[in-house]
Amino acid sequence: MSILKTFTGGVHMPEYKELSEKQAIEEQKEPNKVVIPLNQHVGAECTPLVKKGDFVREGQKIGDSDASLFAPVHASISGIVRDIGKVYTTGGWLVNSITIEKASDEELEALGNPNSSELLMEGYGDFRNLSKEKIIELIKEAGIIGMGGGAFPSFAKLQSSDDGTIDTIIINAAECEPFLTCDHRMMLEYSDRMIGGLRIVMKYLNVSSAYIGIEDNKQDAIDLLEEKLKDDKFIKVAVLKTKFPQGDAYRMVDSILGRKVPQGGRTKNVNTFVSNVGTFVAIYDAVTFGHVSHKRVVTVTGNGVKTPKNINAYVGTSIRDLVEQSGGFNGDVTKVIVGGPMTGVAQYSLDTPISKNTSGIILLTDNDYKDEEESQCIKCGKCVEACPVHLMPLYISRYQELGNLKMCDKYNAQSCIVCGSCSYVCPAKRFLAERISVAKREIKQSLRRSR
């Protein structure tokens with residue numbers, strides 16, 4: 001077994017995975033309330049299928065759309081719809097959401113004690129006996145999205161890839177962000193389901209070559225999967241150098257296959273389909289067992305929580321519920337981040353609900369980070385060396401400060417993946433990634449106005 005060549009650029013950083021990587025996945029205690037956003041995905045917001053006062057069952061579809069790009073949403077617990085209205089998501093967006101609370105005994109009696117068992121989709125079974133049309137229907141109806149953070153509806157991604165051009169499928173199992181270990185634990189505990197989901201996608205796309213890309217800091221997962229796949233001629237484990245942002249899909253394709261995704265392109269442009277560990281697990285569960293996507297594994301970690309854990313959580317549960325199941329605060333918590341520390345979003349409320357693509361909740365104390373003053377750029381070039389997209393962050397950032405969007409565009413600001421590597425290595429502590437992110441948004445807005 002050899003370490004495959006990695007991409008150029010990127011950074012090495014403390015991992016902090018030891019806090020939770022040995023913690024087996026724990027089922028969440030069923031919450032008394034969930035808040036289900038009607039848009040947890042790239043694409044159109046769903047229209048509610050229920051109204052205030054309705055009783056809904058776990059797994060019931062409660063939001064749908066006629067749009068071509070969307071993902072239906074489902075109730076994650078059984079209970080009464082208490083409200084439908086705008087709620088802030090972990091990404092900071094104000095989204096129409098459905099609030100469901102457990103019903104009291106009196107309410108259940110008044111409703112005639114409706115059956116509250118989990119619903120299953122129709123027509124599921126052994127994928128080898130199912131048509132392509134049935135497979136894609138199950139994936140669509142289950143509401144599966146890219147669960148690594150991308151949130152692109154999986155049925156749409158698969159359909160757009162089903163044109164005979166894909167020759168390789170990759171499970172993105174790098175999990176390169178510090179702290180996060182949910183994918184690692186799924187590989188150890190849900191490995192058969194993950195591989196099963198991969199085989200379903202291989203059948204759907206008629207592809208016979210696949211890789212599971214894992215960084216070399218997850219040796220136990222590498223050993224397990226290599227043993228399980230030792231006689232498989234079509235699926236291989238690709239061991240990758242531990243480096244951030246190895247988990248970016250374009251870097252993953254470059255590392256494993258040596259293929260360069262063109263600027264503004266997709267992995268499909270280089271004949272490759274890439275998706276996350278959790279997505280393949282969800283595909284297997286939908287096709288084989290008829291389960292909809294209403295739970296996901298979340299890492300709750302950091303020095304600010306008493307007992308870091310990996311929890312199989314109900315979509316729509318609050319950050320607070322998961323922190324409480326992990327023992328509560330450990331000391332003075334000054335920052336709560338959803339996602340990884342490099343690309344995640346700091347939260348202002350513990351009552352914010354998690355979504356299908358929430359991979360982690362990180363609780364930090366004053367001792368974990370410090371706000372530092374910016375100083376002048378010394379043009380050392382470290383940000384250029386670290387950039388995995390081969391941009392010049394120092395110039396894009398400076399032109400954004402000057403309000404010169406034309407030059408930002410000239411230096412390809414739109415190609416930035418906002419991984420934060422440039423800001424991490426900057427000795428002057430410049431807010432490079434933040435300013436480039438603003439430049440990208442301003443360029444996009446400028447293009448809209450010019451149309």
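The distance from the CZ atom of R320 to the CG atom of L350 is 4.5 Å, given to the nearest 0.5 Å. A distance of 7.0 Å separates CD1 of I139 from CD1 of I200, quoted to the nearest 0.5 Å. Rounding to the nearest 0.5 Å gives a distance of 10.0 Å between OG of S65 and CG of L49. If you take SG on C387 and CE on M392, they are separated by 10.5 Å, rounding to the nearest 0.5 Å. For the atom pair CD (E133) and OH (Y204), the distance works out to 7.5 Å, reported to the nearest 0.5 Å.
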Using side-chain contact (heavy atoms from CB on, under 4.5 Å), reason through L188 and D220 one step at a time and then give a plain yes or no. CA-CA 8 Å; L188 293 174; D220 50 356; 3.5 Å; yes
Is there a side-chain hydrogen bond (donor to acceptor under 3.5 Å, both in side chains) between N312 and E27? Walk through the geometry before answering. CA-CA 5 Å; N312 192 26; E27 292 297 322; 3.2 Å; yes
If you apply the rule side-chain contact (heavy atoms from CB on, under 4.5 Å), what do you find for V81 with V56, and how did you get there? CA-CA 7 Å; V81 175; V56 295; 3.9 Å; yes
Go through E177 and T343 one step at a time and tell me if the side-chain hydrogen bond (donor to acceptor under 3.5 Å, both in side chains) criterion holds. CA-CA 8 Å; E177 283 262 19; T343 61; 2.4 Å; yes
Just do the side-chain contact (heavy atoms from CB on, under 4.5 Å) check on C176 and T242 with the steps written out, would you? CA-CA 7 Å; C176 62; T242 299; over 6 Å; no
After noting the C-alpha distance and the side-chain angles of D183 and K218, does the key distance pass the salt bridge (Lys or Arg N to Asp or Glu O under 4.0 Å) rule? CA-CA 10 Å; D183 285 359; K218 304 173 184 66; over 6 Å; no
Show the numbers, then the answer: is there a side-chain contact (heavy atoms from CB on, under 4.5 Å) between I62 and I100? CA-CA 11 Å; I62 57 175; I100 303 169; 4.1 Å; yes
Could you give me the CA-CA distance, side-chain angles and deciding distance for Y284 and F127, then say whether ring-ring contact (aromatic ring centres under 6.0 Å, His included) is met? CA-CA 9 Å; Y284 179 78; F127 74 94; 8.1 Å; no
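Classification of E226 and K236 as a salt-bridged pair fails, no side-chain N sitting under 4.0 Å from a carboxylate O. R199 has a carboxylate O that lies under 4.0 Å from a charged side-chain N of D232, or vice versa, which qualifies the two as a salt bridge. In this structure, E21 does not pair ionically with K17, as no charged nitrogen and carboxylate oxygen lie closer than 4.0 Å. Remark: K140 does not engage E137 in a salt bridge, criterion side-chain N to carboxylate O under 4.0 Å. A salt bridge does not link R259 to D254: none of the charged side-chain nitrogens sits closer than 4.0 Å to a carboxylate oxygen. Under 4.0 Å is where a charged nitrogen must lie from a carboxylate oxygen, and between K268 and D163 at least one such pair does. Ion pairing between a basic and an acidic side chain is recognised when a charged N comes within 4.0 Å of a carboxylate O; K33 and D321 show no such pairing. A salt bridge does not link D216 with K243: every distance from a Lys NZ or Arg NE/NH1/NH2 to an Asp or Glu carboxylate oxygen is 4.0 Å or more.
Checked against I98 for a side-chain contact (heavy atoms from CB on, under 4.5 Å), the options V34, L38, V35 give a single hit: L38.
Sparse packing is recorded around NZ of K51, with 12 or fewer heavy atoms of other residues, nucleotides or ligands lying under 6.0 Å away. Atom CZ of F152 sits in a crowded spot, with more than 12 heavy atoms from other residues, nucleotides or ligands closer than 6.0 Å.
By the 4.5 Å heavy-atom criterion applied to side chains, K335 and L363 are not counted as neighbours. The shortest distance between side-chain heavy atoms of P388 and T8 does not fall below 4.5 Å. Between M202 and L205, every side-chain heavy-atom pair lies at or beyond the 4.5 Å cut-off. When side chains are defined from C-beta on, V237 counts as touching L229, because their heavy atoms get closer than 4.5 Å. Looking at K241 and H12, their side chains come closer than 4.5 Å, going by heavy atoms from C-beta outward. Side-chain contact check for L225 versus M194: some heavy-atom pair is nearer than 4.5 Å. Side-chain contact between K29 and Q325 is present, with at least one heavy-atom pair separated by less than 4.5 Å.
Between the side chain of Y250 and the main chain of G265, a donor-acceptor pair closer than 3.5 Å is present. Counting only distance, with no hydrogens or angles, the side chain of H74 and the backbone of E141 share a donor-acceptor pair below 3.5 Å. In this structure, the side chain of S255 engages the main chain of R251 through a donor-acceptor pair within 3.5 Å. A side-chain donor-acceptor contact under 3.5 Å links Q28 to the backbone of Y314. A donor-acceptor pair under 3.5 Å links the side-chain atoms of S160 to the main chain of A156, judged by distance alone. Although no hydrogens or angles enter the test, the distance criterion places a donor-acceptor pair under 3.5 Å between the side chain of R296 and the main chain of K356. Side chain of N172 to backbone of G247: a donor-acceptor contact under 3.5 angstrom is found. When atom types are taken as modelled, the side chain of S355 and the backbone of Q40 share no donor-acceptor pair closer than 3.5 angstrom. Remark: the backbone N or O of I362 is not paired with any side-chain donor or acceptor of T301 at under 3.5 angstrom. Formation of a donor-acceptor pair under 3.5 Å by the S131 side chain with backbone atoms of K134 is found in this model.
Judged purely by distance below 3.5 Å, without hydrogens or angles, the side chains of H294 and E58 pair a donor atom with an acceptor atom. Inspection of the N357 and H41 side chains reveals no N or O donor paired with an N or O acceptor under 3.5 Å. Side-chain contact check for S326 and T307: no donor-acceptor pair (N or O, by modelled atom type) lies under 3.5 Å. A donor atom on one side chain and an acceptor atom on the other are found under 3.5 Å apart for T299 and N310. A donor-acceptor contact under 3.5 angstrom links the side chains of T6 and Q246, judged on distance only. Counted by atom type alone, Q347 and T90 present zero donor-acceptor pairs between their side chains at under 3.5 Å.
Ring orientation note: the planes of F273 and F280 are nearly perpendicular, at an angle over 60° on the 30°/60° scale.
When all heavy atoms of V305 and V323 are compared, the closest pair comes out as CG2-O, 4.4 Å. For Y424 against M342, the heavy-atom pair with the smallest separation is CB-CE, 4.0 Å. Closest non-hydrogen pair, F55 versus S78, comes out as CZ-CB, 4.3 Å. Closest of all the heavy-atom pairs between N129 and K203 is N-NZ, 4.4 Å. For the pair K295 and M147, the tightest heavy-atom approach, listed with the atom from each and the gap, is O-CE, 4.2 Å. The shortest non-hydrogen separation linking S209 to D167 is CB-O, 3.6 Å.
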Under 3.5 Å, which donor-acceptor pairs link side chains of residues 410-421 to any protein atom two or more places apart or in another chain?
{"residue": "N412", "atom": "OD1", "partner": "Q263", "partner atom": "NE2", "Å": "3.3"}
{"residue": "S415", "atom": "OG", "partner": "Q263", "partner atom": "NE2", "Å": "3.1"}

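K309 is linked by a salt bridge (charged side-chain N to carboxylate O under 4.0 Å, His left out) to E26, counting only residues two or more places apart in sequence or in another chain.
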